Amino acid sequence: MPADFHSFATELLGWYRRHARSLPWRLPPGSAAPPDPYAVWLSEIMLQQTTVAAAGPYFSRFLARWPSVRDLAAAPREDVLAAWAGLGYYSRARNLHAAARHVAEAFGGVFPSTEEGLRALPGVGPYTAAAIAAIAFGERAAVVDANVERVAARLFAVETPLPAAKPEIREKVGLLTPAAAPGDFAQAMMDLGALVCSPKRPQCAACPVAAYCEGRARGIAESLPRFAPKKARATRRAVAFLCLRSDGAVLLRRRPDKGLLGGMLEVPSSPWAEGALDLEAALAHAPLRARWRARAGLVTHTFTHFRLELAVYEGRPGASAIGEADGLWVAPSDLATVGLPTVMRKVTALVEPAPGPLFAAGSAGR
DNA sequence: CATTCGTGGTT
DNA sequence: TAACCAAGAAT
């Protein structure tokens, strides 16, 4: 463990202020102007379990379309969900909108400035509350994400597996965090984890704080942090129903508010079940009467805890059957803009006018 | 404490 | 290519 917390922070902050920042939308380190809490909140929500490269374009679009928390609060929920489509973890979008409305209506558009106050907002957990408090408000908060966990586990040679080691790591990071520039310190720790203290093959030779690292001293840095064993991923199967109206429009449906892809649009399908696909039972879940014909190949998609295989069946209902289904009919040219989750875009790619390069290979093949 | 929740980049 | 991994939160 570092002999001197103060000099550790000094070394790390010196490195951070010298090296290229990984988040271009953030203010320069040590900047006098305080960052906009709304922008910090928005970026931190988007960055939960999401890479900077993936979140960046979404962040720019959201900020341009809804420049303040009041603007976001005033937006229809479907617009926010549609704008989030493709980014994943859709509860973040639902919570984002709910939190915006709460801040706008209960707090007059002003964000809470303390960790505790922020923590009460939907979608804001321990990490995000600490990050906003430190970065936007200069509060001395212990910011612990997966990067910081890895850095701390190596720095202090924590051999207890995660997640059991979380309290211990959090306590040590709290001791390490300086009162001056806690936001820069937090971002420095995260950047160090992302750029130098990487999961595999950490670049210890380039590390500004290698001299303080107990894990390196013991020669076990790369093997840390340790993790509890992971569970295997099952496969679920279903039939997806591609209903095509005579004018080419496709039938979509909105999913229930809770659970997987909650509140998002989908291509109607039979229930997603583990084990072999019972074709007859699956076809009984068709949203309307039609002559269903199998499309070639399978659409496959891997979620966090299971794999999905969709057999796509196409049907062209007659005029009398059109009204049987509840949902909305979307023209092929609008499919790209209505806001479909990625898994559903893989299905609709089968009928979109000009399939983009995104899913051209691999998605519908076998 | 374990599970549920997406997606895309890296190795 | 399959496995790994991510600026986590809610339940």
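For the numbers below, each heavy atom of this structure counts, side chains included, while hydrogens, waters and symmetry mates do not. Just so you know, these numbers come straight off a predicted model, no measurement behind them. All chains are named by letter (A, B, ...) in the order of the sequence lines, taking the proteins before the strands, and each is independently numbered beginning at 1.
Looking at A:Arg92, its side chain does come within 3.5 Å of a backbone N or O of A:Met46 through a donor-acceptor pair. Remark: the backbone N or O of A:Val144 is not paired with any side-chain donor or acceptor of A:Arg170 at under 3.5 angstrom. Looking only at distances, no side-chain donor or acceptor of A:Arg245 sits under 3.5 Å from a matching main-chain atom of A:Ile322.
The listed nucleotides are B:dG6, C:dA7, C:dA9; the one nearest the side chain of A:Pro126 is C:dA9. Relative to the side chain of A:Thr304, the nucleotides C:dA7, B:dG6, B:dT7 differ in distance, and B:dG6 lies closest. Closest to the side chain of A:Lys231, out of B:dG6, B:dT3, C:dA10, is B:dT3. Side-chain proximity of A:Pro199 to C:dA6, C:dA7, B:dG6: nearest is C:dA6. Listed candidates were C:dA7, B:dT7, C:dC5. Nearest to the side chain of A:Pro341 is B:dT7. Of the candidates B:dG6, C:dC5, C:dA6, B:dG6 carries the atom nearest the A:Phe303 side chain, counting heavy atoms from C-beta on. Relative to the side chain of A:Pro163, the nucleotides B:dA2, C:dA7, B:dC5 differ in distance, and B:dA2 lies closest.
Residue-level contact check: A:Ala54 touches neither bases nor backbone, having no heavy atom under 4.0 Å from any strand. Among the atoms of the strands shown, none is found under 4.0 Å from any heavy atom of A:Gly262. Residue A:Val343 is in sugar-phosphate contact alone, with no base atom involved, counting any heavy-atom pair closer than 4.0 Å across all strands shown. At the heavy-atom level, A:Gly193 lies nowhere under 4.0 Å from the strands shown. Nucleic acid contact for A:Leu87: base, since at least one base atom lies under 4.0 Å from a heavy atom of the residue. Using a 4.0 Å heavy-atom distance criterion, A:Thr50 is classed as a base contact. Contacts of A:Val124 with the nucleic acid, taken as non-hydrogen atoms under 4.0 Å apart, involve only primed sugar atoms and P, OP1 or OP2.
Look at CZ on A:Arg307: it is 15 Å from P on B:dT7, rounded to the nearest Å. Whole-Å rounding puts the A:Lys166 NZ to B:dA2 P distance at 12 Å. When the P atom of C:dA3 is taken as reference, atom NZ of A:Lys200 falls 12 Å away, rounded to whole Å. For A:Phe227 and B:dA2, the CZ to P distance is 14 Å, given to the nearest whole Å. What separates CG of A:Leu96 from P of B:dG6 is a distance of 15 Å, to the nearest Å. Computed from coordinates, the A:Arg119 CZ to C:dA9 C1' distance equals 8 Å when rounded to whole Å. Atom CD in A:Gln49 sits about 12 Å away from atom P in C:dC5, given to the nearest Å. For A:Ile45 and C:dA10, the CD1 to C1' distance is 13 Å, given to the nearest whole Å.
Under 4.0 Å is where a charged nitrogen must lie from a carboxylate oxygen, and between A:Arg218 and A:Glu214 at least one such pair does.
Residue A:Arg150 places none of its side-chain N or O atoms closer than 4.0 Å to OP1 or OP2 of C:dC5. Checking the phosphate oxygens (OP1, OP2) of B:dG8, a side-chain nitrogen or oxygen of A:Thr342 falls inside 4.0 Å. Close to C:dG8, at under 4.0 Å from its OP1 or OP2, lies no side-chain N or O of A:Gln48. Of the side-chain N and O atoms in A:Ser91, none sit less than 4.0 angstrom from OP1 or OP2 of B:dC5. Put simply, A:Lys230 has no side-chain N or O that comes within less than 4.0 Å of OP1 or OP2 on C:dA3. Listed pair A:His301 / B:dT7 meets the phosphate criterion, a side-chain N or O lying under 4.0 Å from OP1 or OP2.
When all heavy atoms of A:Phe62 and A:Trp84 are compared, the pair lying nearest together is CZ-CE3, 3.8 Å.
Evaluated for a side-chain contact (heavy atoms from CB on, under 4.5 Å) with A:Arg77, the options A:Leu81, A:Asp79, A:Val80 yield exactly one hit, A:Leu81.
Within a 6.0 Å sphere centred on CZ of A:Arg70, other residues, nucleotides and ligands contribute 12 heavy atoms or fewer. No more than 12 heavy atoms of other residues, nucleotides or ligands shown are found within 6.0 angstrom of CZ on A:Arg293.
Checked by distance alone, A:Thr128 brings no side-chain donor or acceptor within 3.5 Å of a matching partner on the base of C:dG8. Contact annotation: side chain of A:Tyr89 to base of B:dG6, donor-acceptor pair present below 3.5 Å. If you check distances only, the side chain of A:Thr302 never reaches the base of B:dG6 with a donor-acceptor pair under 3.5 Å.
With P as the reference atom, C:dA7 and B:dT4 are 23 Å apart, rounded to whole Å. Comparing the P positions of C:dC5 and B:dC5 gives an interatomic distance of 22 Å, to the nearest angstrom.
Both A:Asn147 and A:Lys258 sit near DNA chain C, but only A:Asn147 has its closest nucleotide nearer the 5' end. Map A:His305 and A:Ala53 each onto its nearest nucleotide of DNA chain B; the residue landing nearer the 5' end is A:His305. The residue among A:Arg94 and A:Ala164 whose nearest nucleotide of DNA chain B lies closer to the 5′ end is A:Ala164.
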